[in-house]
Amino acid sequence: HNGAGIRAEGVGLTIRNCRFHHNEMGLLTNPRPRSVIVIEDSEFDHNTTETGRHGKLGHNIYIHRARRFVLRNSDVHGARVGHQVKTRATRNEIRNNRIRDGDGASSFLLDISEGGQAVVTGNRFGQGARAENRTAIAFAGEARNRAADSHSLKVEDNELFNEGGAATFV
């Protein structure tokens, strides 16, 4: 119960104009600190493990340690329990996407777990009424040193739609 539409074990991956749906994870990468992962013009929907049944959670996109992660002009939605997008990359560019729960109930819409450098701009975020977490974007929650000078987050020109009451954007 740790399958994926793509399980990337090498260094470097580009995905363009693809759709991944109803897998245990859409994209799962192994930790490759020199790797660059680029996703453009693609859709990831309903990729998640049945947590209640298997005791594990899945994410639509899970980038383990990588040098750089770019998510651009894509639609990510429908994860249940896991995150829509989880990244541990050192540099992250999240631009012009739709990242939303839809009929799912994700934990975070975007989890930039270990901080680093991140630009989040021009996105439409939609948090569903059943979301487990009332925070849409998490940053550096799993960082060894949350106050490190190497962390920077730029959030600009995004929209958040929240269907579940009180929420925190970042």
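Small disclaimer: the values here were computed from a predicted structure and weren't measured.
Arg32 places no side-chain N or O within 3.5 Å of a backbone atom of Gly12 that could act as its donor or acceptor partner. Within the 3.5 Å criterion, the main-chain N or O of Gly165 finds a donor-acceptor partner in the side chain of Asn162. Distance alone, capped at 3.5 Å, places no donor-acceptor pair between the Asn96 side chain and the Arg72 backbone. With hydrogens and angles ignored, the 3.5 Å screen pairs a side-chain donor or acceptor of Asp101 with a backbone N or O of Gly128.
Between Val170 and Thr168, every side-chain heavy-atom pair lies at or beyond the 4.5 Å cut-off. Val120 has its side chain within reach of Asn158: a pair of non-hydrogen atoms, C-beta onward, lies under 4.5 Å apart. Under the 4.5 Å side-chain criterion, counting only non-hydrogen atoms from C-beta, Arg68 is not in contact with Val38. Using a 4.5 Å cut-off on side-chain heavy atoms (C-beta onward), Leu28 and Arg7 make contact. Looking at heavy atoms from C-beta onward, Glu43 lies in side-chain contact with His77 at the 4.5 angstrom threshold.
With Phe20 as reference, Ile15 is the one residue of Asn60, Asp45, Ile15, Ile39 to meet the side chain to side chain contact (heavy atoms under 4.5 Å, CB included) rule. Residue Val85 forms a side chain to side chain contact (heavy atoms under 4.5 Å, CB included) with just one option from Ile137, Leu109, Ile112, Leu110, and that option is Leu110. Checking Leu71, Leu27, Asn92, Thr87 one by one against Ile37, the side chain to side chain contact (heavy atoms under 4.5 Å, CB included) holds for a single residue, Leu27.
The two residues Ile99 and Gln84 have their closest heavy-atom pair at CG2-CB, 3.7 Å. For Ile61 against Val76, the heavy-atom pair with the smallest separation is CD1-CG2, 3.9 Å. Here the closest heavy-atom approach between residue Ala89 and residue Phe69 is recorded as CB-CB, 3.8 Å. Across all non-hydrogen atoms, the minimal contact from Asn123 to Arg95 is OD1-C, 3.5 Å. When all heavy atoms of Ser152 and Phe139 are compared, the pair lying nearest together is O-CZ, 3.7 Å. Contact between Asn97 and Ser74 at its shortest, heavy atoms only, is OD1-N, 2.8 Å.
The pair Glu114-Arg65 meets the salt-bridge criterion, since a charged nitrogen lies less than 4.0 angstrom from a carboxylate oxygen. At a threshold of 4.0 Å, the pair Arg88-Glu142 counts as salt-bridged, since one of the basic side-chain nitrogens sits closer than that to a carboxylate oxygen. Remark: Asp41 does not engage Arg16 in a salt bridge, criterion side-chain N to carboxylate O under 4.0 Å.
Residues satisfying the ring-ring contact (aromatic ring centres under 6.0 Å, His included) test with His21, not counting sequence neighbours, are none. Legend: residues meeting side-chain hydrogen bond (donor to acceptor under 3.5 Å, both in side chains) with Asp111, ordered by chain and number and at least two apart, are His83, Ser113.
Ring-plane geometry between His59 and Tyr62 is classed as perpendicular, the angle between the planes exceeding 60 degrees on a 0 to 90 degree scale with a lower cut at 30.
Here the straight-line distance linking atom OG1 of Thr29 with atom CD1 of Ile63 works out to 4.5 Å at 0.5 Å rounding. Distance check, rounded to the nearest 0.5 Å: OG1 of Thr48 to CE of Met25 gives 8.0 Å. Atom CG of residue Asn73 and atom CG of residue Asn17 lie 10.0 Å apart, to the nearest 0.5 angstrom. Here Glu40 contributes atom CD and Cys18 contributes atom SG; the two are 11.0 Å apart, rounded to the nearest 0.5 Å. For the atom pair CD of Glu93 and NZ of Lys154, the computed distance is 11.0 Å after rounding to the nearest 0.5 Å.
Note on Leu13 and Phe44: same hydrophobic cluster, where clusters join Ile, Leu, Val, Met, Phe, Trp and Tyr whose side-chain heavy atoms are under 4.5 Å apart, directly or indirectly.
Under the salt bridge (Lys or Arg N to Asp or Glu O under 4.0 Å) criterion, the residue pairs touching residues 159-170 are Arg124-Glu159, with sequence neighbours excluded.
Judged by distance alone, the side chains of Arg100 and Gln127 never bring a donor and an acceptor atom under 3.5 Å apart. Residues His46 and Asp103 bring a donor and an acceptor atom of their side chains to less than 3.5 Å of each other.
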Before giving the answer on side chain to side chain contact (heavy atoms under 4.5 Å, CB included), spell out for Thr90 and Arg67 the whole-Å C-alpha distance, their side-chain angles and the decisive distance to 0.1 Å. CA-CA 5 Å; Thr90 304; Arg67 179 169 40 114; 5.5 Å; no
How far apart are the C-alpha atoms of Asp157 and Thr121, what are their side-chain angles, what is the distance that settles it, and do they pass the side-chain hydrogen bond (donor to acceptor under 3.5 Å, both in side chains) test? CA-CA 6 Å; Asp157 295 325; Thr121 186; 4.6 Å; no
